Amino acid sequence: MSEAQTIGNKSGAARDLTAFQQNILVILAEEPMYGLAIKRHLEEYYDTEVNHGRLYPNLDDLVEMGLVEKSELDKRTNQYELTDDGLEAVLGRFDWMLSKFVTDDERGEMVSELIEAKL
(Lines give C-alpha, C1' and ligand atoms only; values in the text may rest on other atoms or scores of the structure.)
Protein backbone atom coordinates (compact mmCIF):
# COMPACT_ATOMS: atom_id res chain seq x y z
CA MET A 1 0.00 0.00 0.00
CA SER A 2 1.18 3.50 -0.68
CA GLU A 3 -0.55 6.30 1.22
CA ALA A 4 -3.58 4.41 2.53
CA GLN A 5 -3.26 3.39 6.15
CA THR A 6 -5.79 0.57 6.07
CA ILE A 7 -8.00 -1.16 3.59
CA GLY A 8 -11.11 -2.74 5.03
CA ASN A 9 -14.54 -3.08 3.51
CA LYS A 10 -15.48 -0.61 0.80
CA SER A 11 -17.22 1.90 3.07
CA GLY A 12 -14.44 1.67 5.65
CA ALA A 13 -11.79 1.96 2.96
CA ALA A 14 -13.42 5.11 1.62
CA ARG A 15 -13.15 6.67 5.08
CA ASP A 16 -9.46 5.76 5.30
CA LEU A 17 -8.47 7.39 2.01
CA THR A 18 -5.76 9.99 2.07
CA ALA A 19 -6.54 13.51 0.84
CA PHE A 20 -4.47 12.71 -2.26
CA GLN A 21 -6.59 9.64 -3.01
CA GLN A 22 -9.81 11.57 -2.37
CA ASN A 23 -8.62 14.21 -4.83
CA ILE A 24 -8.02 11.54 -7.46
CA LEU A 25 -11.60 10.32 -7.02
CA VAL A 26 -12.95 13.86 -7.34
CA ILE A 27 -10.96 14.37 -10.55
CA LEU A 28 -12.29 11.09 -11.97
CA ALA A 29 -15.86 12.13 -11.08
CA GLU A 30 -15.62 14.55 -14.02
CA GLU A 31 -14.86 11.85 -16.61
CA PRO A 32 -12.61 8.82 -17.19
CA MET A 33 -8.97 9.83 -17.76
CA TYR A 34 -5.57 8.39 -18.44
CA GLY A 35 -2.83 8.73 -15.84
CA LEU A 36 -1.04 11.79 -17.23
CA ALA A 37 -4.32 13.74 -17.42
CA ILE A 38 -4.98 12.92 -13.76
CA LYS A 39 -1.42 13.99 -12.97
CA ARG A 40 -1.97 17.36 -14.70
CA HIS A 41 -5.15 18.02 -12.72
CA LEU A 42 -3.39 17.17 -9.46
CA GLU A 43 -0.41 19.39 -10.32
CA GLU A 44 -2.78 22.26 -11.08
CA TYR A 45 -4.51 21.76 -7.72
CA TYR A 46 -1.33 21.33 -5.66
CA ASP A 47 0.64 23.88 -7.71
CA THR A 48 3.62 21.54 -7.67
CA GLU A 49 4.89 18.50 -9.53
CA VAL A 50 3.30 15.16 -8.72
CA ASN A 51 5.73 12.36 -9.44
CA HIS A 52 4.77 9.03 -11.01
CA GLY A 53 6.00 7.17 -7.93
CA ARG A 54 3.24 8.78 -5.92
CA LEU A 55 0.42 8.82 -8.47
CA TYR A 56 0.43 5.29 -9.87
CA PRO A 57 0.70 3.36 -6.58
CA ASN A 58 -2.26 5.39 -5.30
CA LEU A 59 -4.23 4.67 -8.47
CA ASP A 60 -3.43 0.98 -8.03
CA ASP A 61 -4.66 1.13 -4.41
CA LEU A 62 -7.92 2.74 -5.54
CA VAL A 63 -8.34 0.02 -8.18
CA GLU A 64 -7.66 -2.66 -5.57
CA MET A 65 -10.29 -1.09 -3.29
CA GLY A 66 -12.84 -1.20 -6.10
CA LEU A 67 -13.25 2.58 -6.22
CA VAL A 68 -11.61 3.00 -9.62
CA GLU A 69 -11.61 0.75 -12.68
CA LYS A 70 -8.50 0.47 -14.83
CA SER A 71 -8.69 -0.39 -18.53
CA GLU A 72 -6.12 -0.45 -21.30
CA LEU A 73 -6.39 2.23 -24.00
CA ASP A 74 -3.31 0.94 -25.79
CA LYS A 75 -0.20 -1.01 -24.82
CA ARG A 76 1.30 1.99 -23.02
CA THR A 77 -1.74 3.88 -21.75
CA ASN A 78 -4.29 2.96 -19.11
CA GLN A 79 -7.58 4.71 -18.55
CA TYR A 80 -9.06 5.12 -15.08
CA GLU A 81 -12.76 5.44 -14.37
CA LEU A 82 -14.72 5.96 -11.18
CA THR A 83 -16.80 2.92 -10.19
CA ASP A 84 -20.22 3.13 -8.55
CA ASP A 85 -18.48 2.54 -5.20
CA GLY A 86 -16.03 5.35 -6.03
CA LEU A 87 -18.90 7.70 -6.79
CA GLU A 88 -20.54 6.72 -3.49
CA ALA A 89 -17.24 7.50 -1.73
CA VAL A 90 -17.11 10.99 -3.29
CA LEU A 91 -20.76 11.67 -2.45
CA GLY A 92 -20.30 10.34 1.07
CA ARG A 93 -17.35 12.66 1.61
CA PHE A 94 -19.32 15.65 0.31
CA ASP A 95 -22.25 14.73 2.54
CA TRP A 96 -20.00 14.48 5.60
CA MET A 97 -18.23 17.76 4.81
CA LEU A 98 -21.52 19.58 4.27
CA SER A 99 -22.91 18.21 7.52
CA LYS A 100 -19.97 19.82 9.32
CA PHE A 101 -19.90 23.07 7.34
CA VAL A 102 -23.59 23.95 6.91
CA THR A 103 -24.43 24.96 10.47
CA ASP A 104 -26.89 27.76 9.67
CA ASP A 105 -28.86 29.34 6.82
CA GLU A 106 -26.04 31.71 5.92
CA ARG A 107 -23.61 28.86 5.31
CA GLY A 108 -26.30 26.93 3.47
CA GLU A 109 -26.73 29.91 1.14
CA MET A 110 -22.96 30.07 0.60
CA VAL A 111 -22.94 26.44 -0.55
CA SER A 112 -26.03 26.99 -2.72
CA GLU A 113 -24.32 29.95 -4.41
CA LEU A 114 -21.24 27.86 -5.13
CA ILE A 115 -23.37 25.12 -6.67
CA GLU A 116 -25.43 27.57 -8.74
CA ALA A 117 -22.23 29.14 -10.09
CA LYS A 118 -21.11 25.72 -11.37
CA LEU A 119 -24.38 24.96 -13.18
Side-chain angles (χ1 to χ4, degrees):
M1 283 189 290
S2 57
E3 294 190 19
Q5 295 296 323
T6 60
I7 298 178
N9 62 39
K10 287 183 176 120
S11 63
R15 287 186 201 103
D16 291 337
L17 295 176
T18 65
F20 187 76
Q21 291 168 329
Q22 291 168 11
N23 291 338
I24 291 170
L25 294 182
V26 169
I27 288 166
L28 289 174
E30 183 178 8
E31 64 182 348
M33 295 182 193
Y34 59 97
L36 290 177
I38 297 167
K39 181 179 183 292
R40 280 195 297 270
H41 283 278
L42 289 166
E43 288 174 341
E44 182 180 311
Y45 177 75
Y46 289 111
D47 196 28
T48 189
E49 183 179 352
V50 172
N51 66 46
H52 290 29
R54 182 177 186 198
L55 175 62
Y56 290 101
N58 278 284
L59 282 167
D60 289 340
D61 286 346
L62 293 169
V63 169
E64 186 178 313
M65 288 183 238
L67 303 173
V68 170
E69 186 175 287
K70 178 179 174 180
S71 60
E72 194 174 278
L73 284 177
D74 60 43
K75 292 184 183 209
R76 295 186 56 194
T77 308
N78 292 314
Q79 178 170 284
Y80 299 90
E81 183 173 359
L82 205 59
T83 64
D84 289 342
D85 288 335
L87 179 60
E88 285 181 35
V90 172
L91 289 172
R93 181 72 177 173
F94 283 147
D95 183 50
W96 181 80
M97 290 174 70
L98 287 172
S99 75
K100 301 301 177 199
F101 181 79
V102 180
T103 56
D104 56 33
D105 289 342
E106 183 178 341
R107 286 190 173 188
E109 286 179 33
M110 292 168 69
V111 171
S112 292
E113 288 172 9
L114 283 173
I115 292 169
E116 287 176 21
K118 300 296 179 190
L119 298 177

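Predicted model, so just to flag it, every value in this text is computed and none were measured.
- More than 12 heavy atoms of other shown residues, nucleotides or ligands fall within 6.0 angstrom of atom CG in N51.
- When hydrophobic clusters are built by joining Ile, Leu, Val, Met, Phe, Trp and Tyr residues whose side-chain heavy atoms come closer than 4.5 Å, directly or via intermediates, Y46 is grouped together with L55.
- Heavy atoms from other residues, nucleotides or ligands lying under 6.0 Å from CG of D105 number 12 at most.
- Taken to the nearest 0.5 Å, the CE atom of M110 stands 9.0 Å off from the CG atom of D104.
- L82 and W96 are members of different hydrophobic clusters when ILVMFWY side chains are connected at heavy-atom separations under 4.5 Å.
- A distance of 11.0 Å separates CG of N58 from CD1 of I38, quoted to the nearest 0.5 Å.
- Residues I115 and L91 do not share a hydrophobic cluster, defined by chaining ILVMFWY side chains whose heavy atoms lie under 4.5 Å apart.
- For E72, the CD atom sits in a packed shell: over 12 heavy atoms of surrounding residues, nucleotides or ligands are nearer than 6.0 Å.
- For the atom pair CZ of R54 and CG of L42, the computed distance is 8.0 Å after rounding to the nearest 0.5 Å.
- In the hydrophobic clustering of ILVMFWY residues, with side-chain heavy atoms under 4.5 Å counting as a link, V26 and M97 come out apart.
- A side-chain donor-acceptor contact under 3.5 Å links E43 to the backbone of V50.
- Proximity of L67 to V90: side-chain heavy atoms (C-beta onward) are nowhere separated by under 4.5 Å.
- Of the charged side-chain nitrogens involved, none lies within less than 4.0 Å of a carboxylate oxygen, so that E44 and R40 do not count as a salt-bridged pair.
- Hydrophobic clustering of Ile, Leu, Val, Met, Phe, Trp and Tyr side chains at less than 4.5 Å, counting indirect connections, unites L17 with F94.
- Using a 4.5 Å heavy-atom threshold, the side chains of L28 and M33 count as touching.
- Going from atom CG of L62 over to atom CD of Q22 covers 10.0 Å, rounded to the nearest 0.5 Å.
- Contact between L25 and A89 at its shortest, heavy atoms only, is CD1-CB, 4.1 Å.
- Surrounding OH of Y45 are at most 12 heavy atoms belonging to other residues, nucleotides or ligands under 6.0 Å away.
- Summarising the geometry, atom CD belonging to E116 is positioned 10.0 Å from atom CD belonging to E109; distances are rounded to the nearest 0.5 Å.
- Taken from CD in E69 to CG in D85, the straight-line distance is 11.5 Å, to the nearest 0.5 Å.
- The side-chain heavy atoms of Q79 and D74, taken from C-beta on, include no pair separated by under 4.5 Å.
- Using a 4.5 Å heavy-atom threshold, the side chains of N23 and H41 count as separate.
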